[in-house]
Amino acid sequence: MIATAARRPDLSDRLAIVAITDAGRKRSHNEDRVGSDPGRGIALVADGMGGHKGGEVASGLAVETVLQRLTEGLGRLSGRDDDIDGYTPESDLARRVIEESNRIIHQTAASQPQYEGMGTTLAVALFYDDRLTVSHVGDSRVYRFRAGQLEQLTRDHTLMQELVERGFYTPEEARASLNRNIVTRALGIDAEVQVDVQEDITLPGDVYLLCSDGLNDMLGDSAIRLTLAEFDDSLDKGAQRLVDQANEQGGSDNISVVLVKVLKPHPTRRSWFKRFVDWFQ
Amino acid sequence: MAKLTVSFNDQVVAEYELDKESMTIGRKPDNDIQIDNLAVSGHHARVLTILNDSFLEDHNSTNGTYVNGHLVKKHALQDGDVIAIGKHKLAYSNEQASSGEDFERTMIIRPDAAGMPEKENTGDEAIDRSVGRLGAELVAESKQVSGDAQRSAKLRVVSGANAGKELQLTKALTTLGKPGVQVAALTRRAQGYFLIQVEGGDDSRPKVNGQTIGPEAVKLEDSALIEVAGVKMEFFLD
């Protein structure tokens with residue numbers, strides 16, 4: 001296993017990752033979990049929910065199983081695999097691993113009464129080949145900070161998002177609404193889950209933010225953007241500052257922040273040239 | 001529970017509890033809230049209620065729906081709002097709206113496969129009301145939206161030697177352009193296809209409908225005209 005995994009280049013000097021999680025000011029437990037593996041280009045956030053210890057069990061299972069299975073699966077990719085249904089092998093792997101994780105959480109919930117009804121959101125960013133696969137379920141988000149601009153890459157799976165898209169609320173009004181925490185998809189709730197998977201190209205200097213709703217419920221996009229701009233050359237301080245600001249705004253939920261900075265290009269699978277010949281080069 | 005108090009010429013004529021996820025308002029007798037007056041359209045508006053929040057939606061009525069004097073198409077109701085339909089006033093009251101603590105916790109709506117009323121996983125706090133069919137409807141639409149993103153799309157070149165040439169978009173990410181000049185990527189997200197610059201710098205950015213794009217991805221609507229590395233293309237959803 002270690003020998004095959006070593007075939008993939010180690011990305012530790014190409015990506016910088018900081019992952020922190022904080023219980024916030026109002027909750028006694030932290031049901032969020034974060035994880036990262038800079039060498040393999042993995043970053044993830046899970047926000048658990050459910051009574052007793054269900055929430056932290058669900059988010060813990062999600063982070064552990066996805067990290068472990070992603071690592072194993074990446075080790076088995078040869079670097080010459082074809083795309084699958086228009087997705088890179090890495091994207092396809094991420095989707096399968098998250099679906100497996102869902103089944104594991106769902107089975108655990110079904111077999112142990114104290115965990116009945118537990119579930120978790122999950123956002124995963126996987127970096128490879130100057131690309132990024134973002135996979136998510138629920139309302140944990142992935143943002144990109146590039147050239148001074150902040151862009152939300154994921155679309156929340158929440159009732160509120162539906163209401164915003166139907167024109168009842170502006171995004172600003174939505175942040176103040178009581179219904180904002182109703183998610184329409186989560187891991188562990190059903191035997192099957194629909195995972196949103198998207199791909200993008202990374203550029204050196206990009207900063208990716210994965211967060212639980214404890215951050216973006218407390219801080220608007222412009223506050224996040226200003227902090228990322230201020231701490232662009234100090235990832236650790238930037239991540240801590242975001243958590244501190246969310247706490248200063250009330251810290252009403254658990255707060256998780258994972259920042260990934262792309263330090264250098266990280267091409268692996270295809271040559272730089274070949275990647276850009278999809279059409280009419 | 002939230003309610004609507006209907007009055008005409010300052011006289012209260014009826015009171016309705018918003019105990020259903022959808023309450024229709026109109027002149028015809030099949031409405032939940034019937035207002036028999038010619039200034040009111042047959043099916044004038046409806047109020048959607050999700051947990052403790054209610055939403056007013058005008059149904060293309062002839063004379064419009066007003067809230068606190070402003071014409072609205074869609075409006076998130078707040079305690080004290082007064083809806084005017086014709087000469088009738090409907091006062092919205094919701095005393096529970098401000099007790100937000102229970103709603104701080106994240107909940108999951110879980111419709112079953114048939115879209116029938118679903119149960120919620122509410123964590124420590126039990127929520128005393130079913131979210132009802134509306135939640136399931138919205139969830140089903142959410143899945144539909146994600147499904148839409150999987151719809152195929154294509155690009156057709158409209159300028160230069162390759163005019164007329166088409167590219168079917170089948171991948172999550174498609175790169176376009178000329179390395180060393182300008183490269184852009186089309187990325188497929190839940191909401192649809194987005195164009196983003198990959199290479200070329202500030203003075204050489206792709207265009208969408210004649211507008212130069214910034215560092216953020218721009219969503220492409222059907223029939224959008226894009227220009228990458230000097231080549232103009234039209235974007236179509238199949």
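Below, chain A is the first sequence line, B the second, and so on; all start at residue 1. As the structure is a prediction and not an experimental result, all values here were calculated from the model.
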message = I'd like to know if the side chain of Glu151(A) reaches the main chain of Ala217(B), judged simply by a donor and an acceptor atom lying under 3.5 Å from each other, with no hydrogens or angles considered.
response = yes
key: Main-chain N/O of Glu199(A) paired to Thr187(B) side chain as donor or acceptor, under 3.5 Å   = yes
Could you give the distance from [atom1] ([X]) to [atom2] ([Y]), rounded to the nearest 0.5 Å?
X	Y	atom1	atom2	answer
Gln197(B)	Arg146(A)	CD	CZ	8.5 Å
Met160(A)	Asp53(B)	CE	CG	6.5 Å
Glu216(B)	Leu153(A)	CD	CG	10.0 Å
Arg131(A)	Leu173(B)	CZ	CG	4.5 Å

ask   = Do Phe194(B) and Gln198(A) touch side chain to side chain, with heavy atoms closer than 4.5 Å?
value = no
ask   = With a 4.5 Å heavy-atom cut-off, do Arg189(B) and Val197(A) have their side chains touching?
value = no
May I ask you to check whether over 12 heavy atoms, not counting those of [X], lie within 6.0 Å of atom [atom1]?
X	atom1	answer
Lys73(B)	NZ	yes
Lys74(B)	NZ	yes
Gln149(A)	CD	yes

inquiry  = Need one label for Leu150(A): side chain, backbone, both or neither, based on atoms under 4.5 Å from any heavy atom in chain B.
reply    = backbone
request  = Against chain B, label Glu192(A) side chain, backbone, both or neither, depending on which of its atoms sit under 4.5 Å from a heavy atom there.
outcome  = neither
key: Contacting region of Leu169(B) [heavy-atom separation from chain A under 4.5 Å]   = neither
ask   = Side chain, backbone, both or neither: which part of Ala185(B) has a non-hydrogen atom closer than 4.5 Å to chain A?
value = side chain
remark   = Heaviest contributor of heavy-atom pairs below 4.5 Å to chain B, chosen from Asp200(A), Leu203(A), Asp85(A), is Asp200(A)
query = Run the side chain to side chain contact (heavy atoms under 4.5 Å, CB included) check on Arg144(A) and Ile196(B) step by step: do they pass?
reply = CA-CA 12 Å; Arg144(A) 168 166 54 211; Ile196(B) 189 158; 2.9 Å; yes
